[in-house]
Asks: 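Mind looking over this structure? Questions follow.
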Amino acid sequence: MSKGITSRKEDYSQWYNELVSKADLAEHSAVRGCMVIKPYGYAIWEKMQAALDKKFKDTGHSNAYFPLFIPKSFFTKEASHVEGFAKECAVVTHYRLKDDGTGNIVVDEDAKLEEELIVRPTSETIIWNTYRGWIESYRDLPILVNQWANVVRWEMRTRLFLRTAEFLWQEGHTAHATAEEAIAETEQMLDVYADFAENWMAVPVVKGKKTETERFAGALDTYCIEALMQDGKALQAGTSHFLGQNFAKAFDVKFTSKEGKQEYVWATSWGVSTRLMGALIMAHSDDAGLVLPPKLAPIQVVIVPIYKTDEERAEIVELVDQVVAECKQKDITVKFDDRDSYRPGFKFAEWELKGVPLRITIGARDLKNGLVELARRDNQSKESVSKEGLSQRIEILLDEIQHAIYEKALKFRTDNITLVNSYDEFKEVLEGKGGFISAHWDGTAETEKRIKEETKATIRCIPLDNKLEEGQCILTGKPSTQRVLFARAY
RNA sequence: CGGGGUGUAGCGUAGCCCGGUAUCGCGCCACAUUUGGGAUGUGGAGGUCGUAGGUUCGAAUCCUGCCACCCCGACCA
C-alpha cells in the first residue's frame, strides 16, 4: 500500500477513486462497467441491507424473488416505462454456444430465442405480470413485497458504486385497493429511507418530490431523498414511486371491490441501491481515508498493541482478551490487529484509511498505568482512559461519533443551501460554492430544461416541507408559489 | 455513443520520437536489528511490455484492428 491518497481539494474524483480502491471497498472487473465489491465493501453493504431489511419487515413487507430475465413483450407494455429504459437494456438473444469447427467458440445461430429476453433494469413489468395471477379480490390486497436483487442498466460512463452497469439494490413493489393507500405507502417508504440515511448512514437528506422531467418512467409521482456531497454536488439516495394504475392497466390487474365492482389495482415501487455506498463515502470521508458511521462499520473498534518483548506482548494479549470479551457482550465489533509484521504507525494509518471509528492502543506504558489510549477516527482526537469500565466508554464514544458525523454533515448541508432571487446570482453560486440552490421556478418543463442546458443544474426536488411564498421564476420572471432545490448532481 | 488521454512485475513509472528481450521506487519473500504515527540493513523472487495481427533478420518501440481504464460531453440511480 502506498502512502496517502490524493486530497479532496486537489482532485475530488481522484480522491474518491483512490479511496474506494485503497480502502478495499471495490475494484473494476474484467467486465466493462461492472465492479467487484470486495469483502470489506460488501460487509458495509450487508450492514445496510440488514438495517433496511428489518425496517421493511417492521412495516409489514415480505421478501420474494423474481426472475433476472424479462420477456421483451412484457417490457414493452407500459409506454413511458419502455421509453425510459430502452436505451440501456442488455438483451439475451441466444441460448447456446458451439464450436465453429476451427476451435473457436461462437454463438449458435440455430439457438436463437423465439422471444428475446431483457436483463432486468427494474422489475415492475415481470412483477405486475405475476401479480395478475395473485389478485382477484380486495381481500388479496395489499400485497407488500420486496426483493433484493441485481439489475443491469447499460451505462456508458461508470464510476464505482455511483454508476455501474450492474448494481445491487432492493426494489419494493406493492399493490393496493385505493390510491390513498398507495400514496400513503409511497410516503411511508420515503420516511423509512430518510430515517435510514440519517440515523444509520448519518447522512442528512432532503425529502422531496421530483418534477415531471425527473420522474421515474411509468410513475405518476416520484418522491426522493437527496443528499449533498462534500464537493457540493447532490446525490439522489433513494426513490419511492406512486405508480397509479399504469402498470395495473398495462398488465390487466383488476380486483373485485367490496361493492362487487371490477377495479384496477394501485401500485407503488421504491428502491435504494449500492449507490448508497457512494453517498456514505463522499459524505463523511476525509483526506486520511474513509470515515464510517459506527452503526455501519464492519469493524467498530480496532486494537493495536505496542510491545518490545514477548513478555510485554503476553501481558497486552491478556488485557486485550478481557476487552474483547467485554465488547462482545455489548455487541461491539472489535478486531485485534496482532499482525507482527507491521509496526504500529503503519497500522494506525491503515485502519484510518479503512474508516474504523475507534482505535485502542495498548502499550507497555499504558499497562503500567492501568490505562489504554482511545483514538477517534472522525475528529482524530485521543484520550487515555482507565481499563476499568472501558466498554462503557467505548459504547458512549461510538454513539458520540455517530451523532458527531451526522451533525457535521448537517452543518455542511445547512451552510450549502443558498437562497437566490436572480438568475445571475444563481449562476454565480453554482459556479462558486455549489451545493443546493433554493430558487423560484415557474413550474414548466421548458424552463427547467433551459436552466439545465445553460448551467448543468437540475431541479433535485420540490421539498416536502416547503413553505409557500410568492415569488418570481429566476429565469422567466413568471409568478411562482414556492422555491425548489437546484444542484449539479451525480 | 462523440472528443481527448493512458495501458510496461501487485501498485506507480523510465525506455517508444531514433527497433537489438526492459529502468527505478514502493510492495512481496528470507534473515537480522526494530516497534508510542506509514522502520532499517543484507540477500532474493517476480515480466505473454493490454490484446490480436502486420512490417522486419529482430518489435515495448513502427503500422492496423480490438479491449479496458481515466477526463470532458450526451444519457442515467
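Computation of the quantities below employed the complete heavy-atom set of this structure, encompassing side-chain atoms and omitting hydrogens, waters and symmetry-equivalent molecules. Quick note on labels: first sequence line is chain A, next is B, and so on, each numbered from 1.
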Asks: Tell me which pairs pass salt bridge (charged side-chain N to carboxylate O under 4.0 Å, His left out) where either residue lies in residues 301-315 of chain A, with sequence neighbours left out.
Replies: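 For residues 301-315 of chain A, and leaving out neighbouring residues, there are no salt bridge (charged side-chain N to carboxylate O under 4.0 Å, His left out) pairs at all.
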Asks: Give every donor-acceptor pair under 3.5 Å between a side-chain atom in residues 41-49 of chain A and any protein atom, sequence neighbours left out.
Replies:
none

Asks: Please set out all donor-acceptor pairs under 3.5 angstrom arising from side-chain atoms of residues 116-128 of chain A, sequence neighbours excluded.
Replies:
unit_1 : atom_1 : unit_2 : atom_2 : d
A:E116 : OE1    : A:K72  : NZ     : 3.1
A:R120 : NE     : A:N150 : O      : 2.7
A:R120 : NH1    : A:Y65  : OH     : 3.4
A:R120 : NH1    : A:F66  : O      : 2.9
A:R120 : NH1    : A:P67  : O      : 3.1
A:R120 : NH2    : A:Y65  : OH     : 2.7
A:R120 : NH2    : A:N150 : O      : 3.2
A:R120 : NH2    : A:N150 : OD1    : 2.7
A:T122 : OG1    : A:E124 : OE1    : 2.6
A:S123 : OG     : A:Q147 : NE2    : 3.2
A:S123 : OG     : A:E171 : OE1    : 3.4
A:S123 : OG     : A:E171 : OE2    : 2.6
A:E124 : OE2    : A:S269 : OG     : 2.7

Asks: Identify, residue by residue, the members of residues 363-376 of chain A with a heavy atom below 4.0 Å from RNA chain B, and return them in order of residue number, or none.
Replies: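 Residues of residues 363-376 of chain A that come under 4.0 Å of RNA chain B are, in numerical order, A:G363, A:A364, A:R365, A:D366, A:E373.
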Asks: Sticking with atom C1', work out how far B:G37 lies from B:C75, rounded to a whole angstrom.
Replies: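 Comparing C1' positions in B:G37 and B:C75 gives a spacing of 46 Å.
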Asks: Going by ring-ring contact (aromatic ring centres under 6.0 Å, His included), name the residues that satisfy it together with A:F75, two or more places apart in sequence or in a different chain.
Replies: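 Applying ring-ring contact (aromatic ring centres under 6.0 Å, His included) to A:F75 gives A:H81.
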Asks: Which residues pass the side-chain hydrogen bond (donor to acceptor under 3.5 Å, both in side chains) test with A:H28, sequence neighbours left out?
Replies: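 Checked A:H28 against side-chain hydrogen bond (donor to acceptor under 3.5 Å, both in side chains); zero matches.
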Asks: Run the side-chain contact (heavy atoms from CB on, under 4.5 Å) test against A:S273 and tell me which residues pass, sequence neighbours left out.
Replies: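 For A:S273, the residues satisfying side-chain contact (heavy atoms from CB on, under 4.5 Å) (neighbours in sequence not counted) are A:F167, A:W169, A:R275.
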Asks: Between side-chain atoms of residues 287-298 of chain A and protein atoms elsewhere (two or more places apart, or another chain), which donor-acceptor pairs fall under 3.5 Å?
Replies:
unit_1 : atom_1 : unit_2 : atom_2 : d
A:D287 : OD1    : A:R8   : N      : 2.9
A:D287 : OD1    : A:R8   : NE     : 2.8
A:K295 : NZ     : A:N199 : O      : 3.2

Asks: Using the P atoms only, state how far B:G58 lies from B:G53, rounded to an integer number of Å.
Replies: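 The same atom, P, in both gives a distance of 16 Å.
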Asks: Which string of ( ) [ ] | and . matches RNA chain B, if you list each base 5' to 3' and count Watson-Crick or G-U pairs only when both distances are under 3.5 Å?
Replies: ((((((((.[[[..)....(...]]].((((((.....)))))).....[[[[[..)....]]]]])))))))....
Asks: Could you measure between the two P atoms, the one in B:A74 and the one in B:G15, and give it in whole Å?
Replies: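 So the two P atoms sit 36 Å from each other.
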Asks: For residues 300-307 of chain A, which residues have at least one heavy atom under 4.0 Å from RNA chain B?
Replies: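 Residues of residues 300-307 of chain A that come under 4.0 Å of RNA chain B are, in numerical order, A:I306, A:Y307.
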Asks: Hey, what are the protein-to-nucleotides 71-74 of chain B N/O distances that come in under 3.5 Å?
Replies:
unit_1 : atom_1 : unit_2 : atom_2 : d
B:C72  : OP2    : A:R157 : NH2    : 2.8
B:G73  : OP1    : A:K456 : NZ     : 2.8

Asks: Taking OP1 and OP2 of B:C75, is either one under 4.0 Å from a side-chain nitrogen or oxygen of A:Y490?
Replies: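 No, outside the criterion.
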Asks: Only counting residues at least two apart or in another chain, list the ones meeting side-chain hydrogen bond (donor to acceptor under 3.5 Å, both in side chains) with A:S21.
Replies: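 By the side-chain hydrogen bond (donor to acceptor under 3.5 Å, both in side chains) rule, A:S21 matches no residue at all.
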